[in-house]
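For reference, the structure is listed below as structure tokens.
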There are 2 protein chains.
Amino acid sequence: MRYTGASASERQYLPPAVAVSVVAFALQPPADAELGDPGAGAGDTTIWIPLVRRTRAPFLGQWALPGGPTQWDETLADTALRSLHAATQRTPGYLEQLYSFGGVERSAEAQRLVTIAYWALYGEHELEPEVSVRGAHGVSPVQVPSGPRRWDDPIPASGLTGEDAAAGTPAGSVSVANVAWFSADRLPELAFDHREIIDHALGRLRAKTEYASVAHRFLGPVFTLGRLRTVTEAVLGQPVDPANFRRQALAQGSLVDTGELESGARHRPARLYRFAEPPGAANQPITSGSTSARSRE
Amino acid sequence: MRYTGASASERQYLPPAVAVSVVAFALQPPADAELGDPGAGAGDTTIWIPLVRRTRAPFLGQWALPGGPTQWDETLADTALRSLHAATQRTPGYLEQLYSFGGVERSAEAQRLVTIAYWALYGEHELEPEVSVRGAHGVSPVQVPSGPRRWDDPIPASGLTGEDAAAGTPAGSVSVANVAWFSADRLPELAFDHREIIDHALGRLRAKTEYASVAHRFLGPVFTLGRLRTVTEAVLGQPVDPANFRRQALAQGSLVDTGELESGARHRPARLYRFAEPPGAANQPITSGSTSARSRE
DNA sequence: GTAATAGTGTCTCTAAGACATTATGTC
DNA sequence: GACATAATGTCTTAGAGACACTATTAC
């Protein structure tokens, strides 16, 4: 019961294939990562995105977003995490849905394709190589937004791009050599409409309401206001006044002074802060295979 | 080649079924509409939403959002418009995607279900009964947002709720008697998680950045500032200072004074305004079967 | 005239941004 | 000591909100 090669007359009985694409952001590429643009150093002034090189037509050899088809027993967020992990060997700390694309298919494939785009954030500590103690891939906690937005959860497999979904078999898996990290300011030419998806994701990230609440996810559990400001500057792509940033960040009410100081720098030590989860969020990390809040039939 | 009754071992080869649910808003219920709550008059102080009564288990007899499965030759927005029209006999002036739900299915159905939620707005003139001159349903222009967000377009059929998608056949269609309009403040108990979807849609609608740009879609092509303020009050559910509203609405820069005045009221006549589409939007209404901007394979 | 909304002017308060100043560590 | 960033304080300006006041129609 496979759908490849269905004739045109059979098509109308086929439900669309469902796949995801993921735009993942990090403040730095991982230490062992290949850089798409060898010229650019890994400064703190830009945002980095992992891309995979396509190993199939169409757009063979071109860069594209990590992604892949949903499997029968995984939710959409599962699929997003699994295919992102297949490309980067790392699990992001944050994942959120962006938008769904469901155009009528015009390619040679037998099925229509519905693609759901996600965006993900990697914190500093999530970029260290994962220790492969457990099964196929890491099981680090992933934070998925609660509140008005909703979601699903994480599992394992290979990594293509979302457009290869219509092929029933997950063949032609991506070797790690086909993955590289790019600065958001210096993206290569991208397959399909992935450039627009990235632009959309960047727009969301740069929207004030978004970055104010997610900037800290690029960092570890504790951080200085200076680091947080650096993140904001990287997200916005422009400098931010330190004094005003401090006032606004603290007025936000979601930063907690840990009482500790960061030492070792060649200047006055900075206070360390934690991010206080909003009361409703319950700060409940989602682990692979969790059953929580699966609110839909 | 139908999928109903697939055994558990077959399931893993089945792609998820894809369906949509639509939260439609109007400032008033249509004149010929049935009201869910006979007590409430049709004042301008609230927002109205059409619901359909389920004719199947689960949640048989309970109210739910209009929706239905995607057909092989229609896009997601097509499906949304078609199933909304099946319920209300009317085509909305605006349609935008909200969120996708893709939980692993736990019901008795053979397939998983991915549901994409949309929200729609009906303008005053879109609530008049449609003149059935052309084919199965109206072909009035529908405005779908451009810019970072993307979409697809409209076609005909019956109207269930999105959760009936897994059944391959669109049987058990909704008679108009099973449709009623409810005030957003007085919703009945809803099937599935539709209450959350509506709350999400209301949240989006009430977000300042959204309602500032969509409020005029509840009205006809020309309107007074007083009417526009009334819409805003209905959306927000609270009074708004007329003077301040005027200043902000005009400062927005998207209202054009037509030079005409509204007469007949027992008070000073008000200027009539049009909404100026932002330059990028090209103000290009989308008609059924259009091929524009279908940007995805 | 009265009633009712349209439309204008003005005051206050808050928050954003610019920028000066002091504090405290490493070298 | 020099240097670098942390942390605080102050001034200006733009905008939101409260509210008083004038304008113009129907009756």
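To find a chain, count down the sequence lines: A is the first, B the second, and so on, and within it residues start at 1. Model, not experiment: these values are computed from the prediction.
Look at CZ on A:Phe223: it is 16 Å from C1' on D:dA6, rounded to the nearest Å. Atom CG in B:Leu228 sits about 15 Å away from atom C1' in C:dG7, given to the nearest Å. Nucleotide D:dA6 holds its C1' atom 10 Å from the CZ atom of A:Arg229, rounded to whole Å. With rounding to whole Å, B:Lys208 atom NZ is found 12 Å from D:dG15 atom P. For the pair A:Asn244 CG and D:dT8 C1', the computed distance is 12 Å after rounding to whole Å. Going from atom CG of A:Leu225 over to atom P of D:dT8 covers 10 Å, rounded to whole Å. Counting to the nearest Å, the C1' atom of C:dA18 and the CZ atom of A:Phe245 are 17 Å from each other. Between the CG atom of B:Leu261 and the P atom of C:dA6 there is a distance of 12 Å, given to the nearest Å.
A donor-acceptor contact under 3.5 angstrom links the side chains of A:Ser100 and B:Ser100, judged on distance only.
The aromatic rings of A:Tyr94 and A:Trp119 stand perpendicular to each other, their planes meeting at an angle above 60°, with 30° marking the opposite boundary.
Put simply, the side chain of B:Asp241 and the base of D:dA16 share no donor and acceptor less than 3.5 Å apart.
A:Tyr273 meets the side chain to side chain donor-acceptor pair (under 3.5 Å) test with no other residue; sequence neighbours excluded. Looking at residues two or more places apart in sequence or on another chain, you find a ring pair (Phe, Tyr, Trp, His ring centres under 6.0 Å) between B:Tyr122 and B:Trp181. Remark: B:Phe182 engages B:Trp63 in a ring pair (Phe, Tyr, Trp, His ring centres under 6.0 Å) (not counting sequence neighbours). Taking the side chain to side chain donor-acceptor pair (under 3.5 Å) definition, one finds that A:Arg206 meets it with nothing, sequence neighbours left out. Residues satisfying the side chain to side chain donor-acceptor pair (under 3.5 Å) test with B:Arg195, not counting sequence neighbours, are B:Asp199. For B:Arg229, the side chain to side chain donor-acceptor pair (under 3.5 Å) partners two or more places apart in sequence, or in a different chain, are B:Glu233.
Here the side chain of B:Arg271 is nearest to one of D:dT8, C:dT8, D:dA18, namely C:dT8.
Applying the salt bridge (Lys or Arg N to Asp or Glu O under 4.0 Å) test to every pair with at least one member in residues 250-262 of chain B, sequence neighbours left out, gives these pairs: B:Asp257-B:Arg271.
Neither OP1 nor OP2 of C:dG25 sits under 4.0 Å from any side-chain N or O of A:Arg266.
A heavy atom lying under 4.0 Å from DNA chain D marks the following residues of residues 247-256 of chain B, by number: B:Arg247, B:Gln248.
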Close N or O pairs between protein and nucleotides 20-24 of chain C (under 3.5 Å):
| from | atom 1 | to | atom 2 | distance (Å) |
| --- | --- | --- | --- | --- |
| C:dA23 | O4' | A:Arg268 | NH1 | 3.3 |
| C:dA23 | N3 | A:Arg268 | NH1 | 3.2 |
| C:dT24 | O2 | A:Arg268 | N | 3.2 |

